[in-house]
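Encoded as structure tokens, the structure appears first; notes follow it.
Predicted model, so just to flag it, every value in this text is computed and none were measured.
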Amino acid sequence: MSTLEFRNVTKAYHIRGKRGQSGKLFAVNDVNFTLESGKTVALVGQSGSGKSTIAKLLLQLERPSSGQILLDGAPVKRHGAGLRDYRHNVQMVFQDPFASLNPYHSVAHHLARPLALHGRARGSAEIEAGVRQLLERVRLAPAAEIAAKHPHELSGGQRQRVAIARALAPEPTMLIADEPVSMLDVSIRLGILNLLAELQREDNLGVLYITHDLATARHFSDEILVMYKGEIVERGPADDVILNPQHEYTKKLAAAAPNPELRLKQIAGV
Ligand code: ADP
Ligand code: MG
């Protein structure tokens with residue numbers, strides 16, 4: 001079993017006020033949690049609560065001000081082979097499928113690059129087969145036709161499927177999905193979340209599902225972490241957190257969210 005752990009992680013940004021005075025903003029404040037392979041953890045909280053900062057820290061796009069990030073018990077390396085090894089294991093699906101793909105490159109290029117870079121395929125025949133296989137896994141067909149396309153020829157949902165295929169290319173153990181469906185049309189959201197759940201089971205992935213939607217957090221996760229102003233204010237098994245919220249903020253979130261079954265139907269567009 002693989003684990004990815006946040007241990008007492010804090011990220012403070014230096015900010016400048018309107019009058020030029022400077023201060024510190026604790027985007028993430030003394031946060032602890034562990035992702036395990038085979039499990040989905042939802043990170044919920046309103047906009048500005050620090051969710052994406054956690055994703056950036058996990059992806060090594062930002063460094064903690066203090067605390068540690070550990071993969072399988074070992075602190076992550078920030079350079080060289082250690083960092084490459086970390087990137088094999090921890091992959092990301094971003095919120096915006098329009099911004100996360102390069103308009104100048106074909107779908108095949110987006111997938112061939114990580115396959116080659118991470119040594120998952122060698123030579124053009126192997127790479128071509130790898131690209132085809134990835135497209136099949138995210139249910140994009142016909143694979144050969146899709147592979148030749150450029151991002152502008154795809155719908156938002158198709159682009160997000162390509163982004164998911166790209167994240168799977170290095171054969172990671174952990175997948176971080178930062179609001180993966182919030183920019184997509186309501187009618188296709190559930191299809192993408194169901195796909196992520198299937199891939200998670202097939203590959204025994206550890207998934208961090210970042211969202212502000214309690215209904216899908218409950219449906220797709222084993223555990224829920226509730227974030228408020230940089231801190232995790234409540235956590236537990238998904239049903240417990242939603243049905244029996246303890247913290248004032250979670251109660252407000254749960255009360256503001258309509259009946260979860262109804263919400264899921266709305267998301268599914270039925
Ligand atoms: P969320 O993803 O939950 O909406 P973020 O993690 O993006 O929240 O942001 C958390 C807080 O940190 C916000 O107040 C945001 O303005 C601030 N923040 C994020 N990135 C930076 C940065 N690079 N510099 C200064 N403040 C930042
Ligand atoms: Mg965010």
Closest heavy-atom pair and its distance - [X], [Y]:
{"X": "Arg166", "Y": "Pro114", "answer": "CG-CG, 4.0 Å"}
{"X": "Ala167", "Y": "Val93", "answer": "CB-CG2, 4.1 Å"}
{"X": "Ile210", "Y": "Ala55", "answer": "CD1-CB, 3.8 Å"}
{"X": "Leu134", "Y": "Ala169", "answer": "CD1-CB, 3.7 Å"}
{"X": "Pro151", "Y": "Leu101", "answer": "CG-CB, 3.9 Å"}
{"X": "Phe98", "Y": "Gly156", "answer": "CZ-CA, 3.8 Å"}

Any side-chain to backbone donor/acceptor pair from [X] onto [Y]? Under 3.5 Å, distance only.
{"X": "Thr250", "Y": "Gln246", "result": "no"}
{"X": "Arg120", "Y": "Pro170", "result": "yes"}
{"X": "Gln158", "Y": "Ser155", "result": "yes"}
{"X": "Asp240", "Y": "Gly236", "result": "no"}
{"X": "Ser65", "Y": "Ala12", "result": "yes"}
{"X": "Asp203", "Y": "Leu205", "result": "no"}
{"X": "Gln91", "Y": "Arg87", "result": "yes"}
{"X": "Glu128", "Y": "Ala125", "result": "no"}
{"X": "Ser221", "Y": "Ile224", "result": "no"}
{"X": "Arg189", "Y": "Ser182", "result": "yes"}

Near [X] [atom1], under 6.0 Å, is it more than 12 heavy atoms from other residues, nucleotides or ligands?
{"X": "Lys149", "atom1": "NZ", "value": "yes"}
{"X": "Arg235", "atom1": "CZ", "value": "yes"}
{"X": "Gln60", "atom1": "CD", "value": "yes"}

Verdict with supporting geometry, Asp213 and Thr211, side-chain hydrogen bond (donor to acceptor under 3.5 Å, both in side chains): CA-CA 5 Å; Asp213 185 66; Thr211 182; 5.1 Å; no
N-O pairing of Asp178 and Lys51 below 4.0 Å: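 Looking at Asp178 and Lys51, the cut-off is not met.
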I'd like to check [X] versus [Y] (side-chain heavy atoms, cut-off strictly below 4.5 Å). Are they in contact?
{"X": "Arg161", "Y": "Pro97", "value": "no"}
{"X": "Phe94", "Y": "Asp96", "value": "no"}
{"X": "Val9", "Y": "Gln68", "value": "no"}

Rounded to the nearest 0.5 Å, what separation is found between the [atom1] atom of [X] and the [atom2] atom of [Y]?
{"X": "Lys229", "Y": "Leu25", "atom1": "NZ", "atom2": "CG", "answer": "11.0 Å"}
{"X": "Asn29", "Y": "Thr53", "atom1": "CG", "atom2": "OG1", "answer": "12.0 Å"}
{"X": "His88", "Y": "Leu83", "atom1": "NE2", "atom2": "CG", "answer": "10.5 Å"}
{"X": "Glu223", "Y": "Tyr209", "atom1": "CD", "atom2": "OH", "answer": "16.0 Å"}
{"X": "Gln200", "Y": "Asn194", "atom1": "CD", "atom2": "CG", "answer": "12.0 Å"}
{"X": "Leu71", "Y": "Thr3", "atom1": "CG", "atom2": "OG1", "answer": "6.5 Å"}

Flag for Glu179-His212: side-chain donor and acceptor within less than 3.5 Å: yes
Under 4.5 Å between side-chain heavy atoms, counting indirect links through other Ile/Leu/Val/Met/Phe/Trp/Tyr residues: same cluster for [X] and [Y] or not?
{"X": "Leu193", "Y": "Leu175", "value": "yes"}
{"X": "Val31", "Y": "Leu4", "value": "yes"}
{"X": "Leu43", "Y": "Ile192", "value": "no"}
{"X": "Leu208", "Y": "Leu57", "value": "yes"}
{"X": "Val107", "Y": "Leu184", "value": "yes"}

Residues Asp85, Lys77; criterion salt bridge (Lys or Arg N to Asp or Glu O under 4.0 Å); working and verdict: CA-CA 9 Å; Asp85 186 50; Lys77 301 280 194 315; over 6 Å; no
Derivation and outcome, side chain to side chain contact (heavy atoms under 4.5 Å, CB included), residues Val28 and Thr10: CA-CA 5 Å; Val28 171; Thr10 292; 5.9 Å; no
Evaluation steps, side chain to side chain contact (heavy atoms under 4.5 Å, CB included), between Glu248 and Lys252: CA-CA 6 Å; Glu248 280 311 311; Lys252 266 191 212 157; 5.6 Å; no
Residue pair His110, His105: steps toward the side-chain hydrogen bond (donor to acceptor under 3.5 Å, both in side chains) verdict: CA-CA 7 Å; His110 279 91; His105 290 149; 5.1 Å; no
Distance-only donor-acceptor pairs under 3.5 Å for side chains of residues 32-41, two or more places apart:
from, atom 1, to, atom 2, distance (Å)
Asn32, OD1, Asn8, N, 2.8
Ser37, OG, Ser2, N, 3.0

Working for side chain to side chain contact (heavy atoms under 4.5 Å, CB included), residues Leu195 and Ile164: CA-CA 9 Å; Leu195 172 67; Ile164 292 167; 4.3 Å; yes
Contacts of type side-chain contact (heavy atoms from CB on, under 4.5 Å), residue Glu202, not counting sequence neighbours: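 Result, side-chain contact (heavy atoms from CB on, under 4.5 Å) vs Glu202: Arg137, Arg139, Glu198, Leu199.
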